[in-house]
Protein chains: 2
Amino acid sequence: MRNAEFDRVKVLRSAMTLFMEKGYSKTSMPDLKKATGLHPGSIYCAFENKRGILLAAIEQYRVDRNEEFSAFFSTNEPILDQFKKYLDNIVDECASCDTSKGCLFIKALYESTEEDQEIKMVIAENISQWHQAIADKFKQAQKAKELPENRKSEHLAHFLVMGIYGLRTFSQSHPDKNILEALADQLFNSIRY
Amino acid sequence: MRNAEFDRVKVLRSAMTLFMEKGYSKTSMPDLKKATGLHPGSIYCAFENKRGILLAAIEQYRVDRNEEFSAFFSTNEPILDQFKKYLDNIVDECASCDTSKGCLFIKALYESTEEDQEIKMVIAENISQWHQAIADKFKQAQKAKELPENRKSEHLAHFLVMGIYGLRTFSQSHPDKNILEALADQLFNSIRY
DNA sequence: TTCTTTCTTGAATGTACGTTCAAGATATAA
DNA sequence: TTATATCTTGAACGTACATTCAAGAAAGAA
């Protein structure tokens, strides 16, 4: 007879930002209260506990990144040009030094412990979906003769995923735009030829 | 008039292992006490505080990885063969699913916050040294005509560092030896040619 | 042996956190 | 308007942690 007052998506985006900036452990309930405007009781009612917020935030992150991916690949350009712009955007994120623009999957993966296999599994599944979406695009590019067909699209996708993770991780210590662009170029070229 | 009873290096290796397995935040003083056999007082006397243990562990990690690096590159083989074995060893670490065999630099980088710029700086400096050591080896390989000279050794080294970070991060969710080997092969090839 | 310096011990302290829950507020239905 | 169901509030609770420190132990010097 009464609906919740808060916007679930907005709350999750706030939590996402905090988890990326400070990490899960160092994000306290007071932090979440301050960022979301929600009181502990409401948070616990909506997400059960702190871990529930993380899981919901990861799911929201997946949805958001998914939409972003689709946007990059829904133009009329050649697929390789779409990939180039997709990579450029990642390089921009890496070079921005904006900690909230990192990858929540990586951040949560590195923070998850042995006891928390579920989080690892959820993220692994999300990454697999992302990998598959990339592989599908490479397959399309091969059919359109934009790419040679001597290498499997799944392999190319794995290499791109690895490269993106490398870029993101490298930028943690060396957020130098010139270097990152050169690395992205070489990565792109070693996929193209 | 009395020497400390504990072996500093052993203590730091224990701490290193804990920090890699559980992360810094989730490693508690009771954990450290159990793993090192040292009581809080002794730990605080030797390292000032928990953060001091992390800094000392990072330094020990640097020393250990440095020795390992030198060992791989002190044979009489061609330098590219040394690189191949170096990479193979990293792939083995990644595929082993042994959380203690990860990279403490990455782990600590991803856990460090904005307020802890010193940790980030220390690690960035350590990574730069590692990068330079790799670049020097590539330079040697170029002089020995093992590598073409059309790309700067510093760039090749950056690409290798990025690739290794990519492999390590990728293996966090997909510790599949076959995939990792294929990725390492492509990485190695895109440096060679 | 005795003295003195240094290291070791582990209980105690203060703090900060995740979580709970009962009282209060508010929106819808009757 | 009144009743009722649901959401919101925030104080309170228990726990676990990093850190301290004074007492005890032990090694070397005299």
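Every chain is numbered from 1 and lettered A, B, ... according to where its sequence line falls, protein lines coming before strand lines. Because only heavy atoms are used, hydrogens play no part in the values below, and waters and symmetry mates are left out as well, while side chains stay in.
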Enumerate the residues from residues 40-60 of chain B whose closest heavy atom to DNA chain C is under 4.0 Å, giving them by residue number; use none for an empty result.
->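 Per residue number, the list reads P40(B), G41(B), S42(B).
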Check DNA chain C against residues 16-23 of chain B and give the residues with a non-hydrogen atom under 4.0 Å, in numerical order.
-> none
Check ion pair [X]-[Y] (N to O, under 4.0 angstrom):
| X | Y | answer |
| --- | --- | --- |
| D92(A) | K101(A) | no |
| E149(B) | K143(B) | no |
| K85(A) | D81(A) | no |
| D116(A) | R51(A) | yes |
| D31(A) | K26(A) | no |
| K22(B) | E111(A) | no |

Could you check which of dT8(C), dT19(D), dC17(D) has an atom nearest any side-chain atom of M29(B)?
-> dT19(D)
Under the side-chain hydrogen bond (donor to acceptor under 3.5 Å, both in side chains) test, which residues partner K139(B), sequence neighbours left out?
->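 Expected list: none.
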Residue set satisfying side-chain hydrogen bond (donor to acceptor under 3.5 Å, both in side chains) with Y61(B), at least two apart, ordered chain then number -> R65(B)
Enumerate the residues from residues 111-123 of chain B whose closest heavy atom to DNA chain D is under 4.0 Å, giving them by residue number; use none for an empty result.
->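 DNA chain D contact set from residues 111-123 of chain B: none.
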Is the ring centre of F83(A) less than 6.0 Å from the ring centre of F188(A)?
-> no
Rounded to whole angstrom units, what separation is found between the [atom1] atom of [X] and the [atom2] atom of [N]?
| X | N | atom1 | atom2 | value |
| --- | --- | --- | --- | --- |
| L38(A) | dC7(D) | CG | P | 12 Å |
| K34(A) | dC17(C) | NZ | P | 12 Å |
| L32(A) | dA16(C) | CG | C1' | 15 Å |
| K33(A) | dT19(C) | NZ | C1' | 14 Å |
| F6(A) | dT26(C) | CZ | P | 17 Å |

Within 45 degrees of the axis of the six-membered ring of Y24(A) and under 6.0 Å from its centre: does K50(A) put its NZ or CZ there?
-> yes
Return each pair, listed once, that meets side chain to side chain donor-acceptor pair (under 3.5 Å) where at least one residue sits in residues 180-193 of chain B; pairs must be two or more places apart or across chains.
-> H155(A)-Q186(B)
Pick base, sugar-phosphate or nothing for T27(B), based on heavy-atom distances below 4.0 Å to the nucleic acid.
-> sugar-phosphate
Indicate whether OP1 or OP2 belonging to dT8(D) is found under 4.0 Å from a side-chain N or O atom of H39(A).
-> no
